[in-house]
Structure formats: structure tokens, C-alpha cells
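Notes to accompany the following structure.
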Amino acid sequence: MAMNASFFRIAAIATLAFATAGSAVLADPTPVPSPNPLPTLPAKTDPYVRTGVDLLIQVIGSERQRVANGSSGTVTYFKRFDMQVQTGGNRYRNVHLHQGTVINPRGVSISAGQTVDVSGRSQSDGSLEADVITIHV
């Protein structure tokens, strides 16, 4: 009989353990916070404020495009149609030249160590297809 009692105690403890474990799994998950919406101007905004904000948005957009389509820095590598420009402390940008790339001042050759301004078209890999290269002499 003592064996039967211990069996029932173990069975009761196991049943209780499984019952509480199952209820923990079925508990409601914590809600995921939603992202904060971007700030907007109220519907009734002074026309001068609205014009100023629109102008600021245009300036920021054109500056982003200028930065994406240009680079300034020191030439670290140059060979025929490929060049690398160090644009910051530890940042580099590959530049590809093509037939028709204008190099200012005319007649000056590009070499490592020169400071240059490059403008052109940004490529999907982050490099720059150069249209104009200005060398600071």
C-alpha cells in the first residue's frame, strides 16, 4: 500500500507540473510596441511657415543628391579608369572614369596624394561614375 501512495503522489506532482507548464504557454504574449509616426505639420499652419518648411525639405533633398553624386578627398589609388578617394578618416569611395570624363585643370594628370572633387553618378555598389574631376593644385 505504501508503494501505491508514493505512486499517486508522483503522479499528482507530475500532473500538477504539466498543468502549470501548459498554462504558462497559453498566457497572452506581451504586445509589440508600434513605431512612432513621423511628425507632421498641423492642417492649419501659417502659409509662411509652410513655405519655409517646404523650402527646407527641398534644400535637404538637393544636398542629399549632391552628396550621393559627388565626393571630395585625397586620391589613394589611380590607374587608367579606376581611382579610389579617401573621403574621411577611414572611409573610401571607388571612382570609375570613362571616355569623356573632364579633368580640371586640363592637362594635369591624376596621381596618388592629390586632393580632388569628383562629381558624377552614384552606382548601386556605392561607387561613383565620374563626369568631372577637379584637382586642387
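The shortest distance between side-chain heavy atoms of Q114 and H136 does not fall below 4.5 Å. In this structure the side chain of D82 never reaches within 4.5 angstrom of the side chain of K79, judged on heavy atoms. S122 places a side-chain heavy atom less than 4.5 Å from the side chain of R93. Within the 4.5 Å cutoff, the side chain of N104 has heavy atoms near those of the V102 side chain.
A distance-only check finds no donor-acceptor pair linking the side chain of R121 to the backbone of D131 [under 3.5 Å]. A donor-acceptor pair under 3.5 Å links the side-chain atoms of H98 to the main chain of A130, judged by distance alone. Of the possible donor and acceptor atoms, none in the side chain of S127 sits under 3.5 Å from a partner among the backbone N and O of Q123. In terms of modelled atom types and a separation under 3.5 Å, the side chain of Q86 and the main chain of G88 share a donor-acceptor contact.
Counting all heavy atoms, side chain and backbone alike, T76 lies closest to A112 at O-CB, 4.1 Å. Shown here for D117 and S72, the closest heavy-atom pair between the two residues is OD1-OG, 2.6 Å.
Contacts of Q99 classified as side-chain hydrogen bond (donor to acceptor under 3.5 Å, both in side chains), with partners at least two apart in sequence or in another chain: none. Qualifying side-chain hydrogen bond (donor to acceptor under 3.5 Å, both in side chains) partners for T115, counting only residues two or more places apart in sequence or in other chains: none.
In Q65, the CD atom is not crowded: 12 or fewer heavy atoms of neighbouring residues, nucleotides or ligands sit closer than 6.0 Å.
Side-chain heavy-atom separations under 4.5 angstrom define the hydrophobic clusters, and the remaining members of the one that includes L97 are V75, F78, F81, M83, V85, V95, I103, V108, I110, V116, V118, L128, I133, I135, V137.
S71 contributes atom OG, which lies 9.0 Å from atom CZ of R91 (distance to the nearest 0.5 angstrom).
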